[in-house]
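Just so you know, ligand 1 is whichever comes first in the structure, and atom 1 is the first atom listed for that ligand.
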Amino acid sequence: MNGKGLIIAVSGPSGVGKGTVLNAVEAALREGETGSVGRSISATTRNPRGTEQDGVEYYFKTKEEFEKLIADGEIIEYDVYCGNYYGTPAAPVRQMIGEGKVVLFDITIEGSLALKRFFPEDAVTIFILPPSMEELETRLRGRGTEEDDVINARLTQAKLEITRADEFEFLVTNNSVEQARDDILAIIKAWNLRKTRQITATKNLV
Ligand code: 5GP
């Protein structure tokens, strides 16, 4: 680790397993030498699900509170997904980047592209693909009790999103969590070797 923070912006269709893969990446980075990994906790106006707690999975806000955060410049980027706002609070991300952490984001397509615009050298965009549409459908059906029309709407949405995969720098297929985790760890390693992230590497040599 060269002391410079890194943003890992991960997008992909609903059901592709972004959350599980990012948990595995986070666990591997915590065990590894870097020891410095962070997760961006987003603000959202959607209601908490199940056991979700404020400040853990999300900061849960009212629409008015969220709009005030935007107006006050406290949100780096935000998007609307299924009628709710989702956004990245600026202060914690800037602090983690300043501390040289690898910061993991599970974020919409527009969110990933926005982070890349703001941090061109210090953000990496990764799109997670399913092994096949049949597999994605199986995963979406296995996830819960949703009706057929909801599953079909998600599959249609997933196809639309997959057509935008080429706007990302890296594509990772989630054949297995371990494989996708290792691919993302390899991307992090390679990105940190870019010359733009090692500007002082030659200074002591010549
Ligand atoms: P969910 O409601 O399932 O937790 O998340 C819905 C979507 O919002 C997911 O695609 C997730 O990646 C995205 N999302 C979560 N936080 C943010 C954020 O801060 N910014 C953006 N742009 N998208 C987010």
Under 4.0 Å from a heavy atom of [X]: which atoms of ligand 1 are those, numbered in the order shown and with their elements?
X: E77; value: 18 (C), 19 (O), 20 (N), 21 (C), 22 (N)
X: D79; value: 22 (N)
X: T88; value: 19 (O)
X: Y58; value: 1 (P), 4 (O), 5 (O), 15 (C), 16 (N)

Is it the case that more than 12 heavy atoms not belonging to Y78 sit under 6.0 Å from its OH atom?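 No, because the 6.0 Å sphere around OH of Y78 holds 12 heavy atoms or fewer from other groups.
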Region of F105 engaging ligand 1 - heavy atom pairs below 4.0 Å: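 Neither; nothing of F105 gets under 4.0 Å from ligand 1.
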Indicate, as side chain, backbone, both or neither, the part of K18 found under 4.0 angstrom from ligand 1 when only non-hydrogen atoms are considered.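 Side chain only.
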Test item, E110 contacting ligand 1 (heavy atom, 4.0 angstrom):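 No heavy atom of E110 comes that close to ligand 1.
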I'd like to know if R49 contacts ligand 1, where contact means a heavy-atom distance under 4.0 Å to any ligand atom.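 Flag set, R49 near ligand 1.
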Which protein non-hydrogen atom lies closest to atom 16 (N) of ligand 1, naming both residue and atom, and how far is it?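 Here the nearest protein heavy atom works out to S42 OG, 2.9 Å.
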Should [X] and [Y] count as an ion pair when the cut-off is N to O under 4.0 Å?
X: D54; Y: K61; result: no
X: E67; Y: K63; result: yes
X: K116; Y: E169; result: yes

Quick test of your reading: applying ring-ring contact (aromatic ring centres under 6.0 Å, His included), list the pairs with at least one residue in residues 186-206, sequence neighbours left out, ordered by first then second residue.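 Every pair satisfying ring-ring contact (aromatic ring centres under 6.0 Å, His included) with a residue in residues 186-206: there are none.
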Within the side chain of R141, is there an N or O that forms a donor-acceptor pair under 3.5 Å with the backbone of D148?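 Such a contact is absent between R141 side chain and D148 backbone.
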Taking distance alone, with N or O pairs closer than 3.5 Å, would you say Y81 contacts ligand 1?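 No: no nitrogen or oxygen of Y81 is under 3.5 Å from one in ligand 1.
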Do the side-chain N and O atoms of T88 and S40 include a donor-acceptor pair separated by under 3.5 angstrom?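 S40 and T88 do not have a side-chain donor-acceptor pair below 3.5 Å.
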